[in-house]
Amino acid sequence: MVIMKKPHIDSKKKDILQAAMRLFATKGIDGISVKEIGEAAGVTDAAIYKHFKSKQAMALEAFSHYCGSYTRLIDYMTGQPGTFRSRFHRLIDEVLRMHDEEQYGMLLLAQQHEIFVEASRSGERQLSDALIAFIEQGIERGELPEQDARLSAVLIIGAFNQMALSSLHGELPARLEPLAAEVKQRFSHLLGQL
């Protein structure tokens with residue numbers, strides 16, 4: 001009988017990454033130091049370098065984590081049965097729920113640091129690619145009017161990013177889920193679903 005060892009999940013790495021994500025999202029990558037990340041995570045610089053080669057590597061891992069989560073969600077909704085409208089509304093519900101659970105993820109994705117721009121050119125499927133494909137599917141099925149799917153995707157992603165930023169600054173509530181009905185209505189109009 002072979003006993004399989006469970007992989008060890010280092011809670012310190014998770015603490016470091018969460019502290020870094022919060023700081024990257026609110027102060028930018030260039031606006032913080034490894035020492036500040038360590039202080040926020042309650043670890044030493046040495047502990048950080050045990051898990052990450054550099055601050056940039058930490059930022060890239062955080063960005064990839066959130067970008068991958070949202071991209072997989074959109075791809076999942078694209079493959080689900082039902083009308084575009086019902087799947088798009090479920091997508092909005094889920095994105096708002098994800099924001100309310102971890103607001104810094106969406107804020108991190110809104111950053112335009114060269115590390116994230118470079119990551120988006122790496123060949124990995126990106127959030128915008130997934131949303132464009134979803135919108136194009138709605139157009140092809142005749143559920144959405146002809147439109148520039150890329151422009152629509154950019155407008156939707158930008159709106160979500162701005163909502164997260166406005167939530168952080170108190171211009172919108174901390175929890176965005178209660179706004180779901182109005183967000184669905186406005187995005188439906190944007191896509192031509194009257």
Side-chain angles (χ1 to χ4, degrees), residues 3-76 91-131 154 156-179:
I3 298 176
M4 299 290 286
K5 286 178 83 175
K6 288 184 179 178
H8 174 69
I9 299 172
D10 190 330
S11 64
K12 285 295 176 198
K13 180 177 181 178
K14 184 179 176 186
D15 292 344
I16 293 166
L17 203 52
Q18 289 199 318
M21 287 187 292
R22 181 172 25 83
L23 291 170
F24 291 151
T26 57
K27 295 184 177 184
I29 295 171
D30 297 328
I32 60 162
S33 66
V34 170
K35 183 171 183 58
E36 288 173 293
I37 294 168
E39 287 171 0
V43 300
T44 64
D45 292 5
I48 291 175
Y49 288 116
K50 174 184 172 195
H51 298 288
F52 301 98
K53 242 176 26 179
S54 64
K55 179 173 73 168
Q56 288 75 14
M58 196 181 323
L60 191 55
E61 185 169 329
F63 177 82
S64 296
H65 168 75
Y66 281 107
C67 186
S69 294
Y70 285 106
T71 300
R72 284 187 299 277
L73 171 64
I74 295 168
D75 284 339
Y76 172 77
L91 173 66
I92 291 169
D93 287 337
E94 190 61 22
V95 168
L96 295 178
R97 184 196 63 74
M98 289 169 71
H99 167 272
D100 290 354
E101 284 182 5
E102 178 56 72
Q103 76 181 99
Y104 300 110
M106 198 177 296
L107 290 168
L108 188 63
L109 293 179
Q111 301 242 340
Q112 293 300 310
H113 195 278
E114 67 259 9
I115 291 172
F116 302 150
V117 173
E118 185 180 314
S120 67
R121 294 183 185 143
S122 69
E124 285 187 43
R125 187 161 171 79
Q126 297 298 308
L127 173 65
S128 59
D129 299 328
L131 190 52
V154 166
I156 290 167
I157 292 167
F160 274 125
N161 289 340
Q162 186 59 46
M163 288 172 61
L165 191 59
S166 294
S167 175
L168 177 71
H169 294 301
E171 297 161 352
L172 287 177
R175 293 186 44 78
L176 296 176
E177 280 184 282
L179 303 176

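One is the number of the first residue; the rest follow in order along the sequence.
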Report task. Check step by step if side chain to side chain contact (heavy atoms under 4.5 Å, CB included) holds for Ile157 and Leu131. Result -> CA-CA 9 Å; Ile157 292 167; Leu131 190 52; 3.8 Å; yes
Side-chain contact, heavy-atom cut-off 4.5 Å: [X] with [Y]?
X: Tyr70; Y: Met106; value: yes
X: Tyr49; Y: Val34; value: yes
X: Gln18; Y: Glu102; value: yes

Using every non-hydrogen atom in the two residues, find where [X] and [Y] come nearest and quote the distance to one decimal.
X: Tyr104; Y: Ala25; answer: O-CB, 3.6 Å
X: Leu17; Y: Glu61; answer: CD2-OE2, 3.7 Å
X: Met58; Y: Phe24; answer: C-CE1, 4.1 Å
X: Ala20; Y: Ile37; answer: CB-CG2, 4.0 Å
X: Ala174; Y: His99; answer: O-CE1, 3.5 Å
X: Ser167; Y: Pro173; answer: OG-O, 2.8 Å

I'd like to know if the side chain of [X] reaches the main chain of [Y], judged simply by a donor and an acceptor atom lying under 3.5 Å from each other, with no hydrogens or angles considered.
X: Lys12; Y: His51; answer: no
X: Lys55; Y: Ile29; answer: yes
X: Ser64; Y: Leu60; answer: yes

Straight-line distance of [X] [atom1] to [Y] [atom2], nearest 0.5 Å:
X: Ser166; Y: Asn161; atom1: OG; atom2: CG; result: 10.5 Å
X: Leu107; Y: Gln162; atom1: CG; atom2: CD; result: 10.0 Å
X: Leu179; Y: Glu177; atom1: CG; atom2: CD; result: 10.0 Å
X: Glu94; Y: Leu73; atom1: CD; atom2: CG; result: 5.5 Å
X: Ile156; Y: Ser128; atom1: CD1; atom2: OG; result: 12.0 Å
X: Glu39; Y: Asp45; atom1: CD; atom2: CG; result: 8.5 Å

Requested in this report: Would you check, one step at a time, whether the test side chain to side chain contact (heavy atoms under 4.5 Å, CB included) holds for Leu168 with Thr26?
Outcome: CA-CA 9 Å; Leu168 177 71; Thr26 57; 3.9 Å; yes
Report task. Would you list the pairs meeting salt bridge (charged side-chain N to carboxylate O under 4.0 Å, His left out) in which at least one residue belongs to residues 159-172, sequence neighbours left out? Result -> none
Report task. Before giving the answer on side chain to side chain contact (heavy atoms under 4.5 Å, CB included), spell out for Leu96 and Met163 the whole-Å C-alpha distance, their side-chain angles and the decisive distance to 0.1 Å. Result -> CA-CA 10 Å; Leu96 295 178; Met163 288 172 61; 3.9 Å; yes
Query raised in the report: Tyr76 and Leu91: side chain to side chain contact (heavy atoms under 4.5 Å, CB included), yes or no, with the steps?
Result: CA-CA 9 Å; Tyr76 172 77; Leu91 173 66; over 6 Å; no
